[in-house]
Asker: 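Below are the structure tokens for one structure; questions will follow.
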There are 2 protein chains.
Amino acid sequence: MPSKTQSRLRIVLEPDIAIGPGKADILEGVRDTGSIAAAGRRMGMSYKRAWLLVETMNACFKEPLVAASRGGKSHGGAVLTPVGEEVLRRYRRMEALSAKAIAAELRGLKRLLSDMSN
Amino acid sequence: MPSKTQSRLRIVLEPDIAIGPGKADILEGVRDTGSIAAAGRRMGMSYKRAWLLVETMNACFKEPLVAASRGGKSHGGAVLTPVGEEVLRRYRRMEALSAKAIAAELRGLKRLLSDMSN
DNA sequence: CACCGATATGTTTCTCGTGACATAACGGTA
DNA sequence: TACCGTTATGTCACGAGAAACATATCGGTG
């Protein structure tokens with residue numbers, strides 16, 4: 001198997017408030033599944049935890065990233081707002097740009113790893 | 001004051017084994033101070049924790065990043081090995097490259113933050 | 001040989017985050 | 001009105017990880 005070496009990008013908005021791979025995956029999950037609960041399940045995460053992450057994200061942007069509704073025909077659900085779509089798109093783009101920018105250096109670093117690590 | 005928004009880069013070598021800002025700062029501290037204890041103090045970190053991080057890093061590369069010695073005229077100390085210097089240099093460079101690559105997107109993201117966050 | 005400051009390592013204590021569980025509300029449908 | 005699946009929220013117990021504390025060792029110097 002190829003090496004698992006990868007980079008992870010975390011954007012720190014405030015001390016203790018950041019957006020990283022986890023929150024981005026939640027946004028993506030909400031977009032794909034239409035519900036916070038299903039997004040959480042897909043990641044093996046409790047609904048409560050997923051909801052907590054959504055609440056945090058909604059709080060630190062000007063407008064909510066996720067709009068949730070209860071009851072109704074669909075038994076409730078959640079969708080990304082335009083801002084939510086934009087944040088997700090920007091984050092994924094930053095991930096890609098970062099990975100591309102450091103690819104060469106990363107290969108150099110990988111050469112120094114112990115044999116067990118690749 | 002200007003916004004604290006920033007990016008952080010974490011390189012994941014193995015699941016649960018990574019190098020991020022903390023370990024890089026330790027390497028830098030050892031290089032600057034000549035001891036693990038002083039590097040830890042400078043970061044407000046216990047010697048034990050600093051030493052643990054060094055041990056982990058030394059274990060997952062082909063050669064140690066930090067060479068420590070006990071006793072002697074200088075009462076012991078630690079220095080970066082050539083490999084340690086290289087890892088630090090590469091990591092700092094990756095940080096810089098990543099930050100530069102995402103700068104524009106980051107500004108875009110920042111505009112979406114709530115007023116409290118800038 | 002006592003002392004120094006650093007490395008090296010074990011043990012114990014505590015804290016915080018997490019998981020697990022419980023409950024209520026919502027607004028549709030059968 | 002009973003039921004559905006979801007959102008929304010509270011409480012509590014537990015465990016992993018960190019802090020705190022305790023030694024032992026090293027190899028020089030006074």
Side-chain angles (χ1 to χ4, degrees), chain A residues 10 12 14-23 25-61 63-81 83-84, chain B residues 10 12 14-23 25-61 63-81 83-84:
Chain A
R10 164 164 303 258
V12 180
E14 291 264 300
D16 299 335
I17 299 187
I19 178 171
K23 295 220 184 84
D25 286 349
I26 286 282
L27 291 181
E28 205 164 81
V30 168
R31 188 194 57 187
D32 293 351
T33 66
S35 99
I36 298 172
R41 278 196 300 271
R42 203 169 72 157
M43 302 174 61
M45 176 184 294
S46 74
Y47 165 76
K48 172 141 197 185
R49 176 150 175 64
W51 180 86
L52 233 42
L53 293 172
V54 167
E55 186 194 37
T56 300
M57 284 189 281
N58 279 349
C60 71
F61 285 91
E63 300 171 54
L65 306 190
V66 171
S69 63
R70 296 197 285 190
K73 175 171 187 173
S74 60
H75 301 292
V79 294
L80 289 193
T81 64
V83 175
Chain B
R10 165 164 302 260
V12 180
E14 290 265 302
D16 299 335
I17 299 186
I19 177 170
K23 294 220 185 84
D25 287 350
I26 286 282
L27 290 180
E28 202 164 84
V30 167
R31 188 194 56 189
D32 293 351
T33 66
S35 98
I36 297 172
R41 279 195 300 271
R42 203 169 72 157
M43 303 175 59
M45 177 185 293
S46 74
Y47 166 75
K48 173 143 196 182
R49 175 153 176 64
W51 180 85
L52 235 41
L53 292 173
V54 167
E55 187 194 37
T56 300
M57 285 189 280
N58 279 349
C60 70
F61 285 92
E63 301 172 53
L65 307 190
V66 171
S69 63
R70 297 197 286 190
K73 175 172 188 173
S74 59
H75 302 292
V79 295
L80 289 194
T81 63
V83 175

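Note on naming: letters A, B, ... go to the chains in the order of the sequence lines (proteins, then strands), and numbering restarts at 1 for each one. We use all heavy atoms of the structure for the numbers below, so side chains are in, but hydrogens, waters and symmetry mates are not.
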Asker: Hey, does I26(A) have a side-chain heavy atom less than 4.5 Å from the side chain of M43(A)?
Answerer: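 Side-chain contact under 4.5 Å: yes.
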Asker: How many whole angstroms separate atom CG of L52(A) from atom P of dC21(C)?
Answerer: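 So the CG-P distance, L52(A) to dC21(C), works out to 18 Å.
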Asker: Output the rounded distance in Å from OH (Y47(B)) to P (dT25(D)).
Answerer: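 Taking OH of Y47(B) and P of dT25(D), I get 15 Å after rounding.
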Asker: In whole angstrom, give the distance that lies between atom NZ of K48(B) and atom P of dT12(C).
Answerer: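 From K48(B) NZ to dT12(C) P: 12 Å.
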Asker: Tell me, please, which residues at least two apart from R31(A) pass salt bridge (charged side-chain N to carboxylate O under 4.0 Å, His left out).
Answerer: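 Not a single residue meets the salt bridge (charged side-chain N to carboxylate O under 4.0 Å, His left out) criterion with R31(A).
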Asker: Take the protein atom CE of M43(B) and the nucleotide atom P of dA18(D), then report the distance between them rounded to whole Å.
Answerer: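 It is 13 Å, rounded to the nearest whole Å.
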Asker: Taking side chain as C-beta onward, heavy atoms only, is L53(B) less than 4.5 Å from M45(B)?
Answerer: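 Touching, per the 4.5 Å side-chain cut-off.
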Asker: Just wondering, do T81(A) and V66(A) contact through their side chains at under 4.5 Å, heavy atoms?
Answerer: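 Side-chain contact under 4.5 Å: no.
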Asker: I need the CH2-C1' distance between W51(A) and dT6(D), as an integer number of Å.
Answerer: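 Computing the W51(A):CH2 to dT6(D):C1' distance gives 14 Å.
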Asker: Ignoring hydrogens, what is the shortest heavy-atom contact between A39(B) and G29(B)? Give both atom names and the distance.
Answerer: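 Smallest heavy-atom distance, with atoms named: CB-C, 3.5 Å.
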Asker: Indicate, with a heavy-atom threshold strictly under 4.0 Å, whether S35(A) touches base, sugar-phosphate, or nothing.
Answerer: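 Touches sugar-phosphate only.
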Asker: Heavy atoms within less than 4.0 Å of DNA chain C: which residues of residues 70-78 of chain B have one? Give them sorted by number.
Answerer: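 DNA chain C contact set from residues 70-78 of chain B: R70(B), G71(B), H75(B), G76(B), G77(B).
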Asker: Between L53(A) (CG) and dG17(C) (P), how many Å, whole number?
Answerer: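 That distance rounds to 13 Å.
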Asker: Round to a whole Å and report the spacing from CZ of R41(B) to P of dG5(C).
Answerer: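 Value for this atom pair: 10 Å.
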Asker: Nearest 0.5 Å, what's the CD-NZ distance between E55(A) and K48(A)?
Answerer: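 With rounding to 0.5 Å, CD (E55(A)) is 9.5 Å from NZ (K48(A)).
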Asker: Nearest-Å distance, CG (N58(A)) to P (dT9(D))?
Answerer: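 Distance check: N58(A) CG to dT9(D) P gives 12 Å.
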